[in-house]
J.: 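Starting off with a structure, shown below.
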Amino acid sequence: MAAALLPYAFILIPKYAMAFLTAKRIHNGYNWLPTGSVIELSNDGVIISVGEEHAHKATFYDGFLCPGFVNTHCHLELSHMRGVVPEHTGLIPFLKTIPTHRNDHTPEQKRLARLNAYEELAGNGVVAVGDIANTTDTLDVRAMGKLHVHTFVEAIGFNEARAEAAMGYARQTLEAFATQPIGISWLRQSITPHAPYSVSQRLFNSIGECNESGVLSIHNQESAEENKYFERKEGAVADLLHGLGIDDTSFVPSGKTSLTTYLHWLPQRLQYLFVHNTFTTAAEIAMAQQYCASAYWCLCPNANMYIENRLPDLDMLMQNTSNICIGTDSLASNKQLNILDELNTIKLQYPGIDWEILIKWATSGGAAALQMDELLGAIMPGKRPGIVQITNNKATGLPNIINKIV
Ligand SMILES: [Zn+2]
């Protein structure tokens, strides 16, 4: 993409015509910089230099500075469902509740909830979001220009006979996003499968063929029941499909897990964003990384705790990949949209994972997963990542006070 077409960061006019920033510690999106490092910013938020010069004129910030966060998995269109579904029900009861309640609210209630959620993301230091859409509801928030957005338009349809109709609806929805006037932030979109148990083989094939953006996102192995269904066509997923009146007669169980099965229905040339991965094994990660042009593994820890009360095995994940990123999922399965709180949830359960790694996942990891690393995710000359200051909450001792600087 030509430099002239690069979008502005989420705030156009920083507080200073040109700024020099320093802090106790600075994380550049990959690692901690040497003590005393100074960031030089242009008047539109572009990093000019990072080094130890200009210390005498730099503004000192308490806590630490890092690039703006990238939230790689959210559903802004479900924001009105905050608190509707009880916690710890498990995925299948959760999935039964969503269709029953997603239309309980008026269009105005939904609109206000979306706007609030969008502001919540931006206020919590997020600069870009990978946002799932089943409708065109989020056209309004995309136009606000505070966040870069990749909208993943979900195709859903497990009945083979309905594949063309499902694809037609997804194409129509995609078209509405694709023809939205371009504003000051990146607005991108692609059609993506919802989950292995809600997309037929034929629909997987069509989605793969039409995806030109290079990034394909999918809810992957969020529940053990998903694997059971693919292996033996039984269990709670079978009950869910039958309960919803979905004809699954064309599905033949593969005797293998979901990921091992559906991935081969999709092209190798794409970059994949696997979301949740709560029940994904080391062998499957290795297989996917060999198969896909590139593979990113998105963690949504608070949503995992909310629904299944279990996190993926992060020690195993870290041994097998460094392509990890963070999402909040929707307000239907999270109390807030706050990437730093997601990191705190991981830190509480995995105290051995350094903040240096956690911040990397939330910044450069997410930017690469959404193919926005040309501009975002790193405090390096030429990029315009947004900069946030993080300080500790005195009551909890956890870093959770977020102040957007640019
Ligand atoms: Zn989700």
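Counting convention: from 1, in listed order, for ligands and their atoms alike.
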J.: Hey, are the side chains of His150 and Asp131 touching, using non-hydrogen atoms and a 4.5 Å cut-off?
T.: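 His150 does not reach Asp131 side chain to side chain.
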J.: Side chains of Gln349 and Lys347: does their closest heavy-atom pair fall under 4.5 Å?
T.: no
J.: Looking from the Zn ion (ligand 1), what is the angle between NE2 on His219 and NE2 on His73, to the nearest 10°?
T.: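 Value, to the nearest 10 degrees: 90°.
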J.: Write the atom name of the N, O or S atom in Asp329 that is nearest the Zn ion (ligand 1).
T.: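 For Asp329, the N/O/S atom sitting closest to the Zn ion (ligand 1) is OD1.
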J.: Restricting to N/O/S, name the atom of His75 that gets closest to the Zn ion (ligand 1).
T.: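 Nearest N/O/S atom of His75: NE2.
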J.: Is there side-chain contact between Tyr272 and Ser294, with heavy atoms separated by less than 4.5 Å?
T.: no
J.: Would you indicate whether the side-chain heavy atoms of Leu375 and Lys383 approach each other to under 4.5 Å?
T.: no
